[in-house]
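Both counts, for ligands and for their atoms, begin at 1 and track the order of listing.
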Amino acid sequence: MCGIVGYVGEQQALEVVLGGLRRLEYRGYDSAGVAILSGSDLLVERKAGKLANLEKAISEKELAGTLGIGHTRWATHGPPTDRNAHPHQDCAGKVAVVHNGTIENFEVLVRGLEERGHARRSDTDTEVVAHLVEERYDGDLAATVRSICKDLEGSFVLVVAHQDEPDLVVAARRNLPLVIGLGDGENFVGSDVTAFIAHTREARAVDQDQVVEVRRSGVVVTDLGGTVVDGETYHVDWDTAAAEKGGHEFFMLKEIEEQPAAVRETLGGRMQEDGLLHLDELSMSDDDIRQIEQVVIIACGSSYHSGLVGKYAIERWCRLPVQVEMASEFRYRDPVVGRSTLVIAISQSGETADTLEALRHARAQKAWVLAVTNTVGSTVSREADAVFYTRGGPEVAVASTKAVMAQLAAVYVVGLYLAQVRGTRDTDEVRAHLADLLEMPDLIQEVLDRMGPVRQLARELQDAERVLFLGRHVGYPMALEGALKLKELAYISAEGFPAGEIKHGPIALIEEGTPVVVLAPRHALQAKLVNNVQEVRARGARTIVIATDGDESVTPYADTVIRIPDTKSLLTPLLTIVPMQVLSAEIARARGLDVDQPRNLAKSVTVE
Ligand code: F6R
């Protein structure tokens with residue numbers, strides 16, 4: 001949460017920094033600000049609200065200079081006002097600091113600073129760093145930041161500029177993401193690679209408790225003791241176009257359209273010529289795989305829903321017990337994991353604090369942790385024992401769509417690979433399932449091509465107060481996902497249930513006209529689902545049924561039928577998810593809401 005960017009080079013820093021902030025705005029949009037070193041003056045501009053407010057406020061101002069830092073905020077300490085917007089400054093206005101994270105001991109530090117005569121100008125924890133730089137700076141900004149980091153508790157990424165340092169931006173990292181962008185005569189730091197992807201694709205990750213000195217001529221990384229440390233650079237494949245809206249009104253609508261490609265990318269290159277899987281990336285020998293006794297999947301939000309689908313697939317194909325745990329709960333209940341446990345940590349961003357802490361806990365218990373993530377170089381990818389990259393491409397909209405789709409494809413692939421190696425499915429069956437998976441991008445496209453009636457339905461449902469989603473088997477996690485999407489995008493109270501559960505309580509929520517979306521693609525539980533549709537309709541529900549082409553069993557009880565093509569029942573989430581995404585986005589649009597940046601949310605949730 002919070003996006004940060006820093007730049008030193010030959011270009012006008014304001015443009016570079018604002019460009020980075022535009023791409024990082026998904027990380028928080030409570031306020032935005034920049035500091036530009038203009039001649040010998042450090043000019044700071046900041047504004048509450050979205051980045052557009054800041055851009056408007058500075059449109060008439062002269063902010064020329066080739067060194068700059070910027071911030072987009074998701075508020076933690078202090079309300080989202082101009083006064084609390086970053087960058088924060090010291091008393092003399094010579095230092096500017098942007099920060100992602102929370103400084104847990106800031107109150108103690110504030111008291112000391114006030115006793116020593118510093119005046120506080122914001123309610124933030126961040127401001128202490130600016131004053132500490134003011135006190136300790138003696139001509140070596142990197143050494144100053146190193147010394148301050150030793151006194152800070154909590155999680156932080158800091159980026160600091162000083163008026164007396166015309167060729168230096170200093171950044172530091174603990175627990176939160178920071179990436180270096182390596183250019184030619186210019187260098188960058190950012191919360192993720194999208195901060196500088198328009199300028200360079202060469203990146204370097206920063207490790208825990210490291211400080212980065214960014215100059216035009218190069219970058220030096222040290223530990224807190226000042227010793228220079230090496231690090232690996234990597235090339236980022238994502239292109240700039242993928243991080244632009246491409247003619248769509250919202251990123252989310254574009255990202256929904258990109259889902260066939262996301263699944264193709266996730267599957268691509270993972271199959272051998274003999275039609276079987278080849279997953280070196282698991283870094284596990286066949287013997288290790290055969291010794292797995294249980295699988296535990298940890299994730300949050302939509303990624304958790306992908307994990308639930310993974311449970312159905314892995315249990316079916318591998319005959320292994322699978323638990324799926326919300327990462328935020330995992331480590332606090334003393335879970336039983338050990339050497340024979342495969343833990344799969346699913347995270348689009350690879351930076352979710354809950355997932356990261358759960359991963360660390362699992363590793364400490366000696367479990368083998370496989371990260372399934374979309375983000376190369378993310379903390380989760382670096383701390384796990386092995387990584388399966390989902391290759392969904394950059395996802396900018398806060399609500400996850402194509403990344404979830406890619407995760408679903410990933411859990412199927414991992415499940416089939418485990419079955420292949422453990423011999424719980426014979427090779428012909430694995431080949432057949434893979435062949436089915438390879439058809440999914442075209443089928444997803446077919447669903448996308450039929451979304452006209454769903455858009456119409458969105459207009460009809462835009463004033464609904466409550467919507468229920470029902471599913472069975474793999475339809476249940478997708479019912480949860482449908483409800484989550486509607487809540488977060490349209491602010492409509494929505495809940496997902498296993499269809500068989502509603503008679504145990506939730507059916508009381510149904511009134512005349514309550515919309516109930518039932519995921520009823522053709523599968524073994526079809527007859528039971530048809531009963532559930534009848535039950536809710538008998539209580540006055542407006543039934544919206546997602547059904548397979550040609551299946552007429554539900555039509556007598558459905559007020560609206562949304563058709564999807566036929567596929568194997570285990571793979572139906574890849575299709576049923578699409579109309580629910582479109583429905584939520586279109587309802588939000590009809591209600592005049594910001595589809596890409598729903599209120600109170602941030603894409604990368606780096607606080608516990
Ligand atoms: C919902 C959504 C969130 C994320 C969750 C986990 O649309 O995007 O629920 O799925 O915050 O994020 P990652 O996958 O980055 O760990």
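Gln210 places none of its side-chain heavy atoms less than 4.5 Å from the side chain of Arg173.
Of the protein's non-hydrogen atoms, the one nearest atom 13 (P) of ligand 1 is Thr352 OG1, 3.2 Å. The protein heavy atom nearest to atom 11 (O) of ligand 1 is Val605 CG2, 4.0 Å. Looking from atom 4 (C) of ligand 1 to the surrounding protein, the closest heavy atom is Ser302 N, 4.0 Å. Counting protein heavy atoms only, atom 5 (C) of ligand 1 is closest to Cys300 O, 3.6 Å.
Of all the atoms in ligand 1, the ones that sit under 4.0 Å from a non-hydrogen atom of Ser349 are 13 (P), 15 (O), 16 (O). Of all the atoms in ligand 1, the ones that sit under 4.0 Å from a non-hydrogen atom of Glu488 are 1 (C), 7 (O). Near Ala399, with a cut-off below 4.0 Å to any heavy atom, the atoms of ligand 1 are 7 (O). Contact atoms of ligand 1 toward Lys485: 1 (C), 7 (O) (distance under 4.0 Å to a heavy atom of the residue). Atoms of ligand 1 lying under 4.0 Å from at least one heavy atom of Gln348, given by number and element, are 13 (P), 14 (O), 15 (O), 16 (O). For ligand 1, the atoms sitting less than 4.0 Å from at least one non-hydrogen atom of Ser303 are 10 (O), 13 (P), 14 (O), numbered in the order shown with element in parentheses.
A cation-pi contact, defined as under 6.0 Å to the ring centre and within 45° of the axis, is absent between Arg589 and Phe250. The side-chain tip of Arg270 does not point at the ring of Tyr417 from less than 6.0 angstrom away and within 45° of straight on.
Under the 4.0 Å criterion applied to side-chain N and carboxylate O atoms, Lys402 and Glu255 are not assigned as salt-bridge partners. A salt bridge between Asp207 and Arg382 is present, with a side-chain N of the basic residue lying under 4.0 Å from a carboxylate O of the acidic one. A salt bridge does not link Arg73 with Asp30: every distance from a Lys NZ or Arg NE/NH1/NH2 to an Asp or Glu carboxylate oxygen is 4.0 Å or more.
At least one N/O-N/O distance between Ser400 and ligand 1 falls below 3.5 Å.
Taking the six-membered ring for Trp and thresholds of 30 and 60 degrees, Phe330 and His361 have ring planes more than 60 degrees apart, a perpendicular arrangement. Between His86 and His71, the two ring planes are parallel [angle under 30°; tilted spans 30° to 60°].
Residue contacts with ligand 1: Val398 is included, with a non-hydrogen atom under 4.0 Å away.
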